[in-house]
Number of protein chains: 2
Amino acid sequence: MSTERASDRAYASLRAAIVDWELEPGTVLQEVEQAARLGVSRTPLREALSRLASDGLVEPLPGRGLVVSAFSLEDVAQLYELRAALETHAARLAAARHRAEPFQELEAAFTRVADVLDDDDEAHHGYYALVARFDAAIDEAVGNRFLVADLQSMRAHLARARRLSRRSQQRLTSAAAEHLAIVRAILDGDGELAANATHVHLSNALRSIRQTAPAAHASEHD
Amino acid sequence: MSTERASDRAYASLRAAIVDWELEPGTVLQEVEQAARLGVSRTPLREALSRLASDGLVEPLPGRGLVVSAFSLEDVAQLYELRAALETHAARLAAARHRAEPFQELEAAFTRVADVLDDDDEAHHGYYALVARFDAAIDEAVGNRFLVADLQSMRAHLARARRLSRRSQQRLTSAAAEHLAIVRAILDGDGELAANATHVHLSNALRSIRQTAPAAHASEHD
DNA sequence: CGCATCCGCTGTGTATGCACACGACCGCGA
DNA sequence: TCGCGGTCGTGTGCATACACAGCGGATGCG
């Protein structure tokens, strides 16, 4: 108990499983079953499920219980509408804050992006780790608890989209270049450029997903 | 029990109390005390508190327990940054959807706004009810579960700001005119105008709050 | 008189038991 | 054979009991 609360472990475990598509959309989550699987009792598990429902990762099944929420290409499109709203604004704010240090490091990292994209198998992990650093820098720069809360909540859904399509190494290279443009705009304090560069990046990212994703997938009840 | 779940009642009750400033920022919420007050046991109350924490309306107290989250003028400023990001985008999307019906009614309602502003005491309620209809129309028009979820979560915090300053009747009249501009832009399908009109409205609303609010208020620990 | 330590209290976190609602299955009757 | 009703099982929602950690006060020692 001193290590960590059981409800936190259950939440983290379930959330990771949903994001990694180990629990696929439409999967019914029964309390006793999941509690046994995770080695906790029903009480902390219920708290974990409640938090997942607040995140929108699970939804109440009208009849009974909870199911892992659907995640179709249509959902990705909607998610990218929200992402555009939040991230273009966040980039604009970050540029206005004039916090140079973390973005100078990011500029160097995105410039040397070939390093992390060398390994075919690990290219995605390296790129995603870099993006995580970028996201953290944005969060710190905007310094807005409301905006950051929505950004972080959104990123869980965004991570689900990663399993929906196969990103080519070429796309990752382009994405890194787009990030570099955003970082440089922020360093220049050019909020409009940062917002527009973000818009461009999101547009390309969504197009890439659409082009490489399977035709249809993941209805709630499949 | 068939009527409604105890945890839902507890959540709704606590949420309303926080939004209406009956529970002021910094108030420590103890489980047994609140459970007794609301006539439920600790289990559903804990679920309610968990949801409030997800909403950001309460925050974990480092030592122990939960407190009603702080809400200062600085927080209002941050909240309005998020609001600008979400609502300008939502207005743009609503204009693109071309769903005329609800907005035609709203155009008429905002034009006849003098009707609801007649009564000095009830002017705020009438205006807020009108805004609620506007918000609902936006939600329906954007048809985006992710964006709508963030909008609705944000509105709880926004409602807290209403107690922070005194809106004059003149300001309400102006606000209604600003809403009218947004509604007409949506009806015209002019997304950029809708976004910019929203931006103008939010700027004026925030200025009004700043001008009429007390100098400082509501630190977390007072 | 000051400080450290021990003890008890308070309150959270977790486990478990209980009640009820919904659905499925089975048996009976037409 | 088909329709209907009753009964049982499954699973959630709620209540309560228990364990433990943090904190404050009291007490004893220096």
Side-chain angles (χ1 to χ4, degrees), chain A residues 1-18 22-70 220-222, chain B residues 1-18 22-70 220-222:
Chain A
M1 188 187 301
S2 60
T3 57
E4 198 185 20
R5 296 186 310 184
S7 61
D8 288 342
R9 282 188 288 113
Y11 172 74
S13 178
L14 285 171
R15 182 182 147 121
I18 293 171
E22 294 165 15
L23 291 174
E24 299 198 358
T27 305
V28 176
L29 298 181
Q30 293 190 351
E31 298 179 359
V32 282
E33 175 189 346
Q34 297 301 320
R37 189 172 70 85
L38 299 175
V40 300
S41 84
R42 284 181 55 219
T43 305
L45 184 101
R46 280 175 64 86
E47 183 176 333
L49 290 178
S50 171
R51 293 167 64 184
L52 291 170
S54 294
D55 293 339
L57 291 174
V58 305
E59 290 173 351
L61 194 59
R64 165 142 93 245
L66 296 169
V67 293
V68 177
S69 59
E220 186 159 336
H221 299 278
D222 227 1
Chain B
M1 185 186 300
S2 59
T3 57
E4 200 185 19
R5 295 187 310 182
S7 62
D8 288 343
R9 282 188 289 113
Y11 172 74
S13 178
L14 285 171
R15 182 183 149 124
I18 293 172
E22 295 164 15
L23 292 173
E24 299 199 358
T27 305
V28 175
L29 298 180
Q30 293 189 351
E31 297 179 0
V32 282
E33 175 190 346
Q34 296 302 319
R37 188 172 71 85
L38 299 175
V40 300
S41 83
R42 284 181 56 215
T43 305
L45 184 101
R46 280 175 63 86
E47 184 176 333
L49 290 178
S50 171
R51 292 168 64 185
L52 291 170
S54 294
D55 293 339
L57 291 173
V58 305
E59 290 173 350
L61 194 59
R64 165 140 93 247
L66 296 169
V67 293
V68 178
S69 60
E220 186 159 337
H221 297 277
D222 231 1

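Since we're looking at a predicted model, the values are computed, not measured. Heavy atoms only: backbone and side chains are in, while hydrogens, waters and symmetry mates are out. Sequence lines set the chain letters: A, B, ... in the order given, protein chains first and strands last, and positions in each chain run from 1.
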Open item on the list: For a quick check, tell me whether the side chain of A:Arg42 and the base of D:dG11 share a donor-acceptor pair closer than 3.5 Å.
Closed with: no
- [ ] Could you list the residues that satisfy salt bridge (charged side-chain N to carboxylate O under 4.0 Å, His left out) with B:Arg42, not counting sequence neighbours?
- [x] B:Glu31
Return the value, rounded to whole Å, for the distance between atom [atom1] of [X] and atom [atom2] of [N].
{"X": "B:Gln34", "N": "C:dG11", "atom1": "CD", "atom2": "P", "value": "12 Å"}
{"X": "B:Glu31", "N": "D:dT16", "atom1": "CD", "atom2": "P", "value": "15 Å"}
{"X": "B:Arg5", "N": "D:dT12", "atom1": "CZ", "atom2": "C1'", "value": "9 Å"}
{"X": "B:Arg9", "N": "D:dC14", "atom1": "CZ", "atom2": "C1'", "value": "11 Å"}
{"X": "A:Leu38", "N": "C:dT14", "atom1": "CG", "atom2": "C1'", "value": "15 Å"}
{"X": "A:Gln30", "N": "D:dG13", "atom1": "CD", "atom2": "P", "value": "12 Å"}
{"X": "A:Glu4", "N": "D:dC20", "atom1": "CD", "atom2": "C1'", "value": "17 Å"}
{"X": "A:Asp8", "N": "C:dT12", "atom1": "CG", "atom2": "P", "value": "16 Å"}

TODO: For DNA chain D, determine which residues of residues 44-54 of chain A have any heavy atom closer than 4.0 angstrom to one of its atoms, and list them numerically.
DONE: A:Arg46
Open item on the list: Does D:dC14 have its OP1 or OP2 closer than 4.0 Å to a side-chain nitrogen or oxygen of B:Ser7?
Closed with: yes
- [ ] Output yes when at least one side-chain N/O atom of A:Ser41 is less than 4.0 Å from OP1 or OP2 of C:dA15, else no.
- [x] yes
- [ ] Mark yes or no for whether B:Ser69, through its side chain, and B:Leu57, through its backbone, hold a donor-acceptor pair below 3.5 Å.
- [x] yes
Task: Residue mapping more 5' on DNA chain D - nearest nucleotide basis, A:Thr43 or A:Leu66 - done: A:Leu66
Open item on the list: Can you tell me how far apart CD (B:Glu33) and CG (B:Leu38) are? Round to the nearest 0.5 Å.
Closed with: 10.0 Å
Task: Spatial distance of atom CG (B:Leu52) from atom CD1 (B:Ile18) [nearest 0.5 Å] - done: 5.0 Å
TODO: Please determine, for the side chain of A:Val40, which listed nucleotide (C:dA15, C:dG13, C:dT14) has the closest atom?
DONE: C:dA15
Task: side chain to side chain donor-acceptor pair (under 3.5 Å) partners of B:Gln30, counting only residues at least two apart - done: none
TODO: Kindly indicate whether the side chain of B:Leu14, heavy atoms from C-beta on, has any atom under 4.5 Å from the side chain of B:Arg37.
DONE: yes
Task: Worked check of salt bridge (charged side-chain N to carboxylate O under 4.0 Å, His left out) between B:Arg15 and B:Asp8 - done: CA-CA 10 Å; B:Arg15 182 183 149 124; B:Asp8 288 343; over 6 Å; no
